[in-house]
There are 2 protein chains.
Amino acid sequence: MNNLKEKLASKGLKATAQRLYVYEALFNSREHPTAEEVFRKVSKVLPSVSLSTIYNTLETFVEHNLVNKVLSESGTARYDAFVETHHHIYSEKGEIIADYYDDGLAELLLSYFSKKKIFDYEIKEVRLQIICSTKE
Amino acid sequence: MNNLKEKLASKGLKATAQRLYVYEALFNSREHPTAEEVFRKVSKVLPSVSLSTIYNTLETFVEHNLVNKVLSESGTARYDAFVETHHHIYSEKGEIIADYYDDGLAELLLSYFSKKKIFDYEIKEVRLQIICSTKE
DNA sequence: GAACGTAAATAATAATTATTGTAAAAAAAA
DNA sequence: TTTTTTTTACAATAATTATTATTTACGTTC
């Protein structure tokens, strides 16, 4: 978490209480919370925080690559403090279920694409949406 | 397109003019249009059509797997009449650029996952988000 | 085939939700 | 103290969903 203070400083951003709590809320959750959910969490420790601040803060974090936006089919934005490349497991309904980390896969894919050279564009990153049936 | 009439019938859905035009609008575009864009297209041939109908129709199609929702970072839903597995190329800003079809890739991934057997869930589909820098 | 009843689909519009914009207040830094 | 950054409060917007009335399609009976 001190890590974050340094990162903020290195980007010319002030380490305010709001920012630290927002980041903490994200970092301590693997649920890819929405802005609203982050707001509720942060409100518990900082009751005066405003929802706008949550949005602003999340947006600032995304701009500075401290946080990723996670795409979801419902349209509501979700956020993730884990910015290293990883993949997401979705339900058949399009809702996100879990993270999936796999370095071997990244290598496999990048070597596959480097052989094919199919793109006009340079590939920055490859992320998987793994759509699974939830067995009950 | 007659194909669609049959599919609709098989799912107990009536083949109304609205549904056929909405589907046609999607099918004839590779732009993953938004509901609003579909609305404008359909309006040209069916001026009395309402935006609600577009939303309803798209939702009905998605429920019946005739159409897919495409993830996009702006939050606005985009739709795609191509339901066979394929992948999407995104800009670094998170906007969708193009489709990417690749059967070899699907095989590669499925064999990779079948070897690993890592999941509690059954994998239905694997889609890639390929994030590219747009070279200018 | 025309008239009738019923259910499905559509249209018009209101309401809601998520998000963004704006301006004032507060906090931090210089 | 002055200036800049950040936060707050609140207004505004955009996308989507919900509600209700109307229309349309379809099956049944005459």
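Both backbone and side-chain heavy atoms feed into the values below; hydrogens, waters and symmetry mates do not. This structure is a prediction, so every number in the text was calculated from the model and none was measured. Below, chains carry the letters A, B, ... as their sequence lines are ordered, and counting in each starts from 1.
Among the candidates A/Asp102, A/Asp103, A/Asp80, the single residue satisfying the side-chain hydrogen bond (donor to acceptor under 3.5 Å, both in side chains) test with A/His86 is A/Asp80.
Residues B/Asp99 and B/His87 bring no donor and acceptor atom of their side chains to less than 3.5 Å of each other.
For A/Glu63, the CD atom is densely surrounded, since the number of other residues' heavy atoms within 6.0 Å is greater than 12.
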For this session: Using a 4.0 Å heavy-atom cut-off, write out nucleotides 5-15 of chain D from 5' to 3' as B (base contacted by protein), S (sugar-phosphate only) or - (no contact).
Result: SSSBBB----S
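If you find the closest nucleotide of DNA chain D to B/Arg78 and to B/Ala15, the one lying nearer the 5' end belongs to B/Arg78.
The distance from atom CD of A/Glu59 to atom P of C/dT19 is 11 Å, rounded to the nearest whole Å. The distance between atom OH of B/Tyr21 and atom P of C/dA11, rounded to the nearest whole Å, is 13 Å. If you take CG of A/Leu20 and C1' of C/dA28, they are 14 Å apart, rounded to a whole angstrom.
A salt bridge is defined here as a Lys NZ or Arg NE, NH1 or NH2 lying under 4.0 Å from an Asp or Glu carboxylate O, and B/Arg78 with B/Glu37 meets this definition.
Proximity of a side-chain donor or acceptor of A/Ser29 to a complementary backbone N or O of A/Ala25 within less than 3.5 Å is not detected.
Across all strands shown, C/dA30 forms a Watson-Crick or G-U wobble pair with D/dT1, both key distances being under 3.5 Å.
Smallest separation of non-hydrogen atoms from A/Phe39 and A/Val49: CE1-O, 3.3 Å.
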